[in-house]
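The shown structure was predicted, so the numbers you read here are calculated from the model rather than taken from an experiment. Residue numbering restarts at 1 for every chain, and letters A, B, ... go by the order of the sequence lines.
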2 protein chains.
Amino acid sequence: MQSGTGRATACSIARALAVVGERWTLSIVREVFAGAHRFDDFRKRLGIARNILSARLRTLVEHGVLERRAYQQAPPRFEYHLTPMGNDLYPVLVSLMGWGDRWLAGEAGVPLTLTHRPCGHAAQPELTCGHCGDALRHEDVRARLRLGAGSPMKNPDRARHGRGLRSDS
Amino acid sequence: MQSGTGRATACSIARALAVVGERWTLSIVREVFAGAHRFDDFRKRLGIARNILSARLRTLVEHGVLERRAYQQAPPRFEYHLTPMGNDLYPVLVSLMGWGDRWLAGEAGVPLTLTHRPCGHAAQPELTCGHCGDALRHEDVRARLRLGAGSPMKNPDRARHGRGLRSDS
DNA sequence: AGTATCGGTTTCGAAATGAAACTAATGGAT
DNA sequence: ATCCATTAGTTTCATTTCGAAACCGATACT
């Protein structure tokens with residue numbers, strides 16, 4: 001079973017999407033964060049078809065995002081848990097949730113509120129620069145290709161000047 | 001053309017994925033951030049089929065993520081630009097890129113380096129609590145359903161205790 | 001007149017998805 | 001002992017989506 005296009009890409013976003021970009025994948029991971037661990041948990045919460053769920057769980061395990069763990073022997077039954085790799089998807093999910101909150105919230109408002117326990121306040125999740133701590137905005141960021149990074153590009157157009165996610169030569 | 005399952009969901013992540021969760025959608029948005037604006041830009045950079053690209057651009061415009069803007073009259077030609085809603089996807093893309101960098105980088109290493117111009121340093125993008133500024137980690141966050149938020153749930157199982165993305169009652 | 005560019009649409013075979021039925025191992029109730 | 005329920009799938013088959021290639025329409029270039 002292959003994910004995405006199967007092509008090697010120089011872009012980490014494309015590579016990430018090859019692993020978690022399929023129809024149900026991020027929703028499944030979301031449910032694991034939310035406490036779902038068993039086949040039927042996912043099925044009931046998401047309304048996903050059994051065969052598709054089965055396939056997605058398998059690829060998530062293959063890719064190392066989830067771990068399949070037996071919780072009883074007779075009959076053999078399994079739970080799915082986040083690996084460190086899977087746990088590290090938290091910022092992606094939170095960012096996505098924030099975006100959905102800001103732009104797609106229904107009349108009833110934001111369904112989920114996050115409380116940051118160490119400081120005790122409602123967390124407005126924010127993407128910041130790890131160095132100065134300020135918010136990381138597209139306009140303030142210059143992206144450049146690492147020299148000799150990735151596979152040789154098919155489209156030389158790709159290496160151009162700019163900012164944000166655009167790659168400077 | 002419908003996106004996702006079409007079901008109303010209480011989860012902002014699911015709603016976000018209904019808009020940007022299809023196979024090519026985030027890759028297209030990524031390319032807009034990277035400086036691609038025209039049909040053939042996307043096609044050449046992504047290697048996506050014309051009909052699919054056409055459909056994705058249409059739904060992105062319909063959902064308000066991209067704006068279709070004529071750049072000449074004869075013959076009529078169009079460019080696609082980020083709306084504020086689209087621009088606000090930046091943290092999602094950066095988070096995804098970070099994850100891809102950390103877990104899927106090839107031998108050649110991380111292809112793209114981000115420089116935060118205000119502080120002049122390489123940005124390690126980080127998700128933080130907007131209140132205290134500390135890193136926002138799953139273990140430190142308690143999620144709770146807003147009272148009366150969202151549509152009535154089909155699965156009462158969904159309202160349970162826990163932390164992270166799990167919804168406390 | 002012929003070719004190239006740009007932004008698509010149409011057509012059609014291939015692949016992915018989804019609903020439903022079925023399997024397999026076990027426990028509990030009658 | 002038989003029947004039903006639970007859990008975690010697999011199999012089958014119809015529907016939907018995707019993708020490659022051909023085509024279209026307006027314009028410019030040679």
What's the shortest heavy-atom distance between Asn87(A) and Phe33(A), and which atoms?
O-CZ, 3.5 Å
If only side-chain N and O atoms of Arg68(B) are considered, is one of them under 4.0 Å from the OP1 or OP2 phosphate oxygen of dG8(C)?
yes
Take atom CD1 of Ile48(A) and atom P of dT10(D), then tell me their distance rounded to the nearest Å.
13 Å
For atom CH2 of Trp24(A) and atom P of dT17(D), their distance in whole Å
13 Å
Of Arg69(B), Arg68(B), Arg38(B), the one forming a salt bridge (Lys or Arg N to Asp or Glu O under 4.0 Å) with Glu79(B) is Arg38(B)
Can you check the Ile52(A) CD1 to dT10(D) P distance for me, whole Å?
12 Å
In whole Å, what is the span from the CZ atom of Arg56(B) to the P atom of dT17(D)?
9 Å
Please give, in whole Å, the distance from dG19(D) C1' to Glu22(B) CD?
15 Å
5'-most by nearest nucleotide on DNA chain D - Ala74(B) or Glu79(A):
Glu79(A)
Give a yes/no on whether any side-chain N or O of Arg50(B) is located under 4.0 angstrom from OP1 or OP2 of dC23(D).
no
Can you tell me how far P of dG19(D) sits from CG of Leu46(B), to the nearest Å?
11 Å
Would you please confirm or rule out a distance under 4.0 Å between OP1 or OP2 of dG9(D) and any side-chain N or O of Arg43(A)?
no
Under 3.5 Å: donor-acceptor pair, side chain of His37(A), backbone of Tyr80(A):
yes
Pick the nucleotide of DNA chain C nearest each of Arg77(B) and Ser54(B); which residue has the one closer to the 5' end?
Arg77(B)
Without decimals, in angstroms, what is the distance between Phe39(B) CZ and dC24(D) C1'?
13 Å
Are any side-chain N or O atoms of Arg117(A) and backbone N or O atoms of Glu139(B), one a donor and one an acceptor, separated by less than 3.5 Å?
yes
Arg38(A) CZ to dT6(D) C1': how many Å, rounded?
11 Å
Taking atom types as they are modelled, is there a donor-acceptor pair under 3.5 Å from the base of dG7(C) to the side chain of Asp40(B)?
no
Should Arg23(B) be listed as having a side-chain N or O under 4.0 Å from OP1 or OP2 of dG19(D)?
yes
Could you check whether Arg56(B) makes a cation-pi contact with Phe42(B), meaning its NZ or CZ is under 6.0 Å from the centre of the six-membered ring and within 45° of the ring axis?
no
Side chain of Tyr71(A) (C-beta onward), nearest among dA8(D), dG9(D), dT26(C):
dA8(D)
Contact class for Phe42(B) (heavy atom, under 4.0 Å): base, sugar-phosphate, or nothing?
nothing
